Amino acid sequence: MKIASFNINGIKARIETLPAWLDEADPDVVLLQEIKSVDENFPREIFEDRGFTVETHGQKGFNGVAILSKLPLEDVTRGLPGNNDDTQARYIEATVIGTRPVRLCGLYLPNGNPAPGPKYDYKLAWLHRLHARANDLLALEEPFLMGGDFNVIPQDEDAKYPGAWSDDALALPQSRAAFRRMLHLGLTDAFRARTQGPGHYTFWDYQGGAWNRNNGIRIDHMLLSPHCADLLTDCQIDSAVRGGDKPSDHVPIWVTLDA
DNA sequence: ATGTCACTTTAGAAGTGA
């Protein structure tokens with residue numbers, strides 16, 4: 001089973017390039033972030049025509065997540081537990097039924113800038129709620145995957161110019177510590193389980209010729225529960241997508257699981 | 001830091017979020 005995550009930065013803006021990537025990469029499941037669309041306006045037919053089931057959790061103007069799946073989905077839930085006052089559409093869960101079921105958590109973590117400030121407080125609170133959700137799922141001792149745009153640069157080696165990010169919400173010590181606490185629960189960073197060393201990025205800013213200078217950061221991640229990590233056979237970043245026509249500022253990351 | 005992009009309100013440019 002091939003499961004991808006892709007922050008598309010607007011479904012309307014990616015109406016040509018997203019289907020083109022789907023046809024080429026042929027994932028079974030895709031976790032989408034920043035669809036920037038309400039559910040009613042999401043162009044589901046484009047994906048249903050390709051054999052995908054479509055589950056959205058949209059919002060007007062910004063945020064919004066979705067799951068596309070060629071395999072059956074069960075028990076879809078929307079929103080990250082832990083704060084009923086949180087109106088931002090950043091989280092969706094579903095169980096995909098392959099040769100064995102895997103619980104999928106698609107997430108778009110708050111950016112958090114400027115830090116310090118209320119936006120950073122919201123980011124840290126959101127990370128705390130995500131940690132709690134992971135802890136609850138771990139108790140079930142079943143395979144699950146948390147994938148998406150975490151807006152966290154885990155280590156200096158995950159940025160071309162780490163010094164430029166030292167005061168940024170994506171790299172502040174509290175952000176990194178919260179991400180590490182997820183790993184300390186026993187979750188596996190799928191990309192780092194397969195590939196070590198610097199120079200691997202999932203985001204290049206539109207500004208400053210970042211792509212041409214390879215001024216990137218690794219902020220899109222796939223965290224696997226222990227039972228899911230046992231099924232991991234590959235994890236790759238489709239970085240070439242950033243150099244294509246009308247690209248998102250993020251590129252897809254995907255895993256293959258023996259499931 | 002910035003050689004940008006996508007969205008909204010609202011009908012042209014400005015604000016916002018990233």
Side-chain angles (χ1 to χ4, degrees), chain A residues 5-21 31-44 46 56-66 80 86-91 106-127 130 147-154 156 158-172 174-176 178-179 201-221 237-253:
Chain A
S5 170
F6 192 179
N7 180 326
I8 56 174
N9 190 18
I11 185 60
K12 291 187 198 74
R14 237 52 67 197
I15 200 71
E16 306 278 344
T17 53
L18 176 58
W21 172 76
L31 311 175
L32 296 177
Q33 301 89 40
E34 283 204 87
I35 63 173
K36 296 187 177 180
S37 163
V38 293
D39 296 336
E40 309 84 81
N41 292 345
F42 191 85
R44 49 194 310 128
I46 292 175
T56 61
H57 181 37
Q59 182 173 356
K60 186 174 184 175
F62 61 114
N63 300 331
V65 291
L80 179 63
D86 187 356
T87 57
Q88 299 194 31
R90 297 178 172 274
Y91 190 83
L107 64 101
Y108 174 45
L109 219 138
N111 175 293
N113 282 303
K119 291 191 173 183
Y120 194 55
D121 294 341
Y122 175 62
K123 176 179 195 156
L124 293 178
W126 211 95
L127 272 159
L130 187 65
D149 177 0
F150 281 69
N151 268 316
V152 174
I153 303 168
D156 278 354
D158 297 308
K160 177 67 174 268
Y161 300 109
W165 299 93
S166 56
D167 296 327
D168 193 283
L170 277 62
L172 281 171
Q174 281 180 286
S175 306
R176 289 183 167 178
F179 185 81
Y201 312 127
T202 65
F203 170 92
W204 294 259
D205 203 297
Y206 288 123
Q207 301 182 68
W211 168 248
N212 289 327
R213 297 165 190 249
N214 195 27
N215 176 11
I217 51 177
R218 192 174 72 92
I219 56 173
D220 298 86
H221 307 297
I237 297 166
D238 281 349
S239 48
V241 171
R242 186 63 177 82
D245 292 335
K246 209 171 188 303
S248 170
D249 41 6
H250 296 251
V251 298
I253 177 173

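So that the names make sense, note that chain A is the first sequence line, chain B the second, and so on, each numbered from 1. These numbers were taken from a predicted model, which means no experiment stands behind them.
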Value in whole Å for how far the C1' atom of B:dC7 lies from CD1 of A:Ile35: 13 Å
Whole-Å distance separating the CD atom of A:Gln59 from the C1' atom of B:dG17: 12 Å
A:Arg176 with A:Asp156: basic N within carboxylate O range, under 4.0 Å: yes
Closest to the A:Tyr108 side chain, choosing from B:dA1, B:dT8, B:dA18: B:dA18
Euclidean distance for C1', B:dC7 against B:dG12 (whole angstrom): 16 Å
A:Trp165, nearest nucleotide to its side chain (from B:dT9, B:dA18, B:dA1): B:dA1
Short side-chain N/O contact to B:dG17 OP1/OP2 from A:Lys119, under 4.0 Å: yes
Short side-chain to backbone donor-acceptor contact, A:Asp39 and A:Gly58, under 3.5 Å: yes
Nearest-angstrom distance from the residue atom CG of A:Asn113 to P of B:dG17: 12 Å
Rounded distance (Å) that lies between atom P of B:dA18 and atom CH2 of A:Trp204: 21 Å
side-chain N/O A:Lys12 vs B:dC5 OP1/OP2, d < 4.0 Å: no
Most 5' of A:Phe203 and A:Ala13 on DNA chain B, judged by nearest nucleotide: A:Ala13
Rounded distance in Å - CD (A:Gln207) to P (B:dC5): 9 Å
A:Thr202 side chain to A:Ile219 backbone, donor-acceptor under 3.5 Å: yes
Parallel, tilted or perpendicular: ring planes of A:His221 versus A:Phe179, cut at 30 and 60 degrees: tilted
A:Lys36 versus A:Asn9, side-chain donor and acceptor atoms under 3.5 Å: yes
Separation of B:dC7 P from A:Asp249 CG (nearest whole Å): 12 Å
B:dT16 and B:dT10, which share atom name P, separated by this distance in whole Å: 14 Å
Protein-nucleotide distance (A:Glu16, atom CD; B:dA6, atom P), rounded to Å: 13 Å
Distance in angstrom units between A:Tyr122 OH and B:dA18 P, rounded: 10 Å
Separation between the C1' atoms of B:dG17 and B:dT2, rounded to whole Å: 16 Å
Along DNA chain B (nearest heavy atom to each residue), the more 5'-positioned of A:Gly209 and A:Lys36: A:Gly209
Sugar-phosphate, base or nothing in reach of A:Tyr161, heavy atoms under 4.0 Å: nothing
